[in-house]
2 protein chains.
Amino acid sequence: MPDSTSPDLAFAAHDHTHCAHDALERAEALTKASGARMTPVRRRVLEILLEEHKALGAYDVLARLAVEGFGNQPPVAYRALEFLVEQGLAHRIQRLNAFTACTHPGQDHAPAFLICRLCHMVAEAEASAARTALDAEAARAGFQVERSTIEALGLCPNCREAA
Amino acid sequence: MPDSTSPDLAFAAHDHTHCAHDALERAEALTKASGARMTPVRRRVLEILLEEHKALGAYDVLARLAVEGFGNQPPVAYRALEFLVEQGLAHRIQRLNAFTACTHPGQDHAPAFLICRLCHMVAEAEASAARTALDAEAARAGFQVERSTIEALGLCPNCREAA
DNA sequence: TCTATGTATGTAATATCATAACACGTCAAC
DNA sequence: GTTGACGTGTTATGATATTACATACATAGA
Ligand SMILES: [Zn+2]
Ligand SMILES: [Zn+2]
Ligand SMILES: [Zn+2]
Ligand SMILES: [Zn+2]
């Protein structure tokens, strides 16, 4: 996302090769800067997630890794995914038990996710207004929010038009 | 919730026996009115969920059912839970892969959930403001929201005070 | 009443998602 | 060159969820 006021690019036609390549470069730079180690497995998992704006299950990722000569046991995938999530390079989608590459690495953010129920594309959306409303409502009950999950299921612009 | 402007009772000290009994009665009335069949398994599952303001996994529910002479295979629990969710008598908490009894059956609602990370209590909170913000942000991306999940993890008033 | 129909329940088998525990390899610090 | 931190690989297991099929039960016609 170029800035916090324009909608996410994921659903729009775009040069995805560039989009993915760019995200990977930013990831390399970020990990280098933070001292985190971007190893071959981790890089490859990120590349796999970046292939499409969709969410992949850990076992889908694992299958891809396995045929490429990496380990083929679940922890191999889960650990790399966990690393990416910790580094803010990927997100976990609770609703799908799956993971998606972050489209704005480096911008500290807690987005909402827009999940198309037809084509399964996933986009990030600005969630600060929704979070503010949620935190306020929680506060009325004396509850202190630490993290929140905001995920929407529906129709992306493309599938909506097709229907 | 007495009305949509007061916070959820779940975290507050209250006569829970009455709270649960009342919810069960409303559930009976609602299903009767709608023609849905409140069978023994389904009623028992709702009673189990109503015992506490917490979320229970399907297998926890199943274990309880099994010792009481109901079936002891997963579909027994999952089907009853699915029924209750469809009827608006229970909710699924995505973050926990678990289910909780609805505290306002009959009021058509799509609440947010407040999940205490210490005592594991779950309360419902009014989510319309957050949803409105989310829908608006989604619309900017051309996305049409059909359902959304809003769940907050944090500290309930009791645990917050204790800490 | 009998029987047809839809719905609920029970069960077996399997699929899917996730983690614990331990062994081994690499690399940098000392 | 030993130590310690970290990453990877593997085994085993645990946790969550669904498919498929058989059986029981309610209720509505005939
Ligand atoms: Zn992101
Ligand atoms: Zn779509
Ligand atoms: Zn109560
Ligand atoms: Zn608490």
Side-chain angles (χ1 to χ4, degrees), chain A residues 27-28 31-32 34-49 54-87 89-100 115 120 149 151, chain B residues 27-28 31-32 34-49 54-87 89-100 115 120 149 151:
Chain A
E28 300 276 4
T31 49
K32 200 159 191 174
S34 76
R37 286 157 61 175
M38 180 58 87
T39 63
V41 200
R42 292 167 173 179
R43 180 178 299 108
R44 190 67 194 112
V45 170
L46 181 53
E47 286 171 359
I48 289 168
L49 292 182
K54 299 193 177 169
L56 279 183
Y59 280 75
D60 298 327
V61 170
L62 180 59
R64 297 282 305 271
L65 291 177
V67 301
E68 295 174 17
F70 294 98
N72 73 336
Q73 298 305 311
V76 173
Y78 279 102
R79 287 191 292 225
L81 289 165
E82 181 188 29
F83 170 84
L84 295 172
V85 169
E86 275 170 1
Q87 299 299 313
L89 304 173
H91 300 288
R92 177 172 198 136
I93 310 296
Q94 299 284 349
R95 180 127 207 158
L96 304 176
N97 293 323
F99 301 83
T100 190
I115 307 163
H120 306 116
T149 300
E151 296 175 355
Chain B
E28 299 276 5
T31 50
K32 200 159 191 175
S34 76
R37 286 158 59 176
M38 179 59 86
T39 63
V41 201
R42 292 167 173 178
R43 180 178 300 108
R44 191 65 194 114
V45 170
L46 181 54
E47 286 170 359
I48 290 168
L49 292 182
K54 298 192 178 170
L56 279 184
Y59 280 75
D60 298 327
V61 170
L62 180 59
R64 298 282 305 269
L65 291 177
V67 301
E68 295 173 17
F70 294 99
N72 73 338
Q73 298 303 311
V76 173
Y78 280 102
R79 285 190 293 226
L81 290 165
E82 180 188 30
F83 169 85
L84 295 172
V85 170
E86 277 170 1
Q87 301 298 313
L89 304 174
H91 300 288
R92 176 171 199 138
I93 310 296
Q94 299 285 348
R95 178 127 208 158
L96 303 177
N97 293 322
F99 301 82
T100 191
I115 308 162
H120 306 116
T149 301
E151 295 174 356

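All values derive from a computational prediction rather than experimental measurement. Keep in mind that the numbers below use all heavy atoms, side chains included, and drop hydrogens, waters and symmetry copies. A note on names: the letters A, B, ... follow the listed sequences, proteins ahead of strands, and every chain is numbered from 1.
The list of salt bridge (Lys or Arg N to Asp or Glu O under 4.0 Å) pairs with a residue in residues 64-83 of chain A, not counting sequence neighbours, reads R44(A)-E68(A), E51(A)-R64(A).
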Distances for protein N/O vs nucleotides 7-10 of chain C N/O pairs under 3.5 angstrom?
residue, atom, partner, partner atom, Å
dA8(C), OP1, R42(B), NH1, 3.4
dA8(C), O5', R42(B), NH2, 3.3
dT9(C), OP1, T39(B), OG1, 2.4
dG10(C), OP2, G71(B), N, 3.4
dG10(C), N7, R79(B), NH2, 2.4
dG10(C), O6, R79(B), NH1, 3.0

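Nucleotide dT19(C) holds its P atom 10 Å from the CG atom of N97(A), rounded to whole Å. For the pair L81(A) CG and dG7(D) P, the computed distance is 15 Å after rounding to whole Å. Rounded to an integer number of Å, the gap from L62(A) CG to dA15(C) P is 17 Å. If you measure from atom CZ of R43(A) to atom P of dG7(D), you get 14 Å, rounded to the nearest angstrom. We find that CD of E82(A) is positioned 13 Å from C1' of dC6(D), with the value rounded to whole Å. The distance between atom OH of Y78(A) and atom P of dT8(D), rounded to the nearest whole Å, is 17 Å. Note: CZ (R95(B)) to C1' (dA15(D)) measures 17 Å, nearest angstrom. The CD-P distance, from Q94(A) to dT16(D), rounds to 14 Å in whole Å.
Residues I48(A) and L65(A) form a side-chain contact, since some pair of their non-hydrogen atoms from C-beta on lies under 4.5 Å apart. Y78(B) has its side chain out of reach of F83(B): every pair of non-hydrogen atoms, C-beta onward, lies at least 4.5 Å apart.
A55(B) and A98(B) get closest at one heavy-atom pair: CB-CB, 3.7 Å.
In this structure, Y59(B) packs face-to-face on the six-membered ring of dT16(D), meeting both the 5.5 Å centre cutoff and the 30° plane limit.
Here the CG-CG distance, from L81(A) to L49(A), works out to 6.0 Å after rounding to the nearest 0.5 Å.
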>> Before you tell me yes or no, could you show the steps for T149(A) and Q94(B) under side chain to side chain contact (heavy atoms under 4.5 Å, CB included), namely the whole-Å CA-CA distance, both residues' side-chain angles and the distance that decides it to 0.1 Å?
In response: CA-CA 9 Å; T149(A) 300; Q94(B) 299 285 348; over 6 Å; no
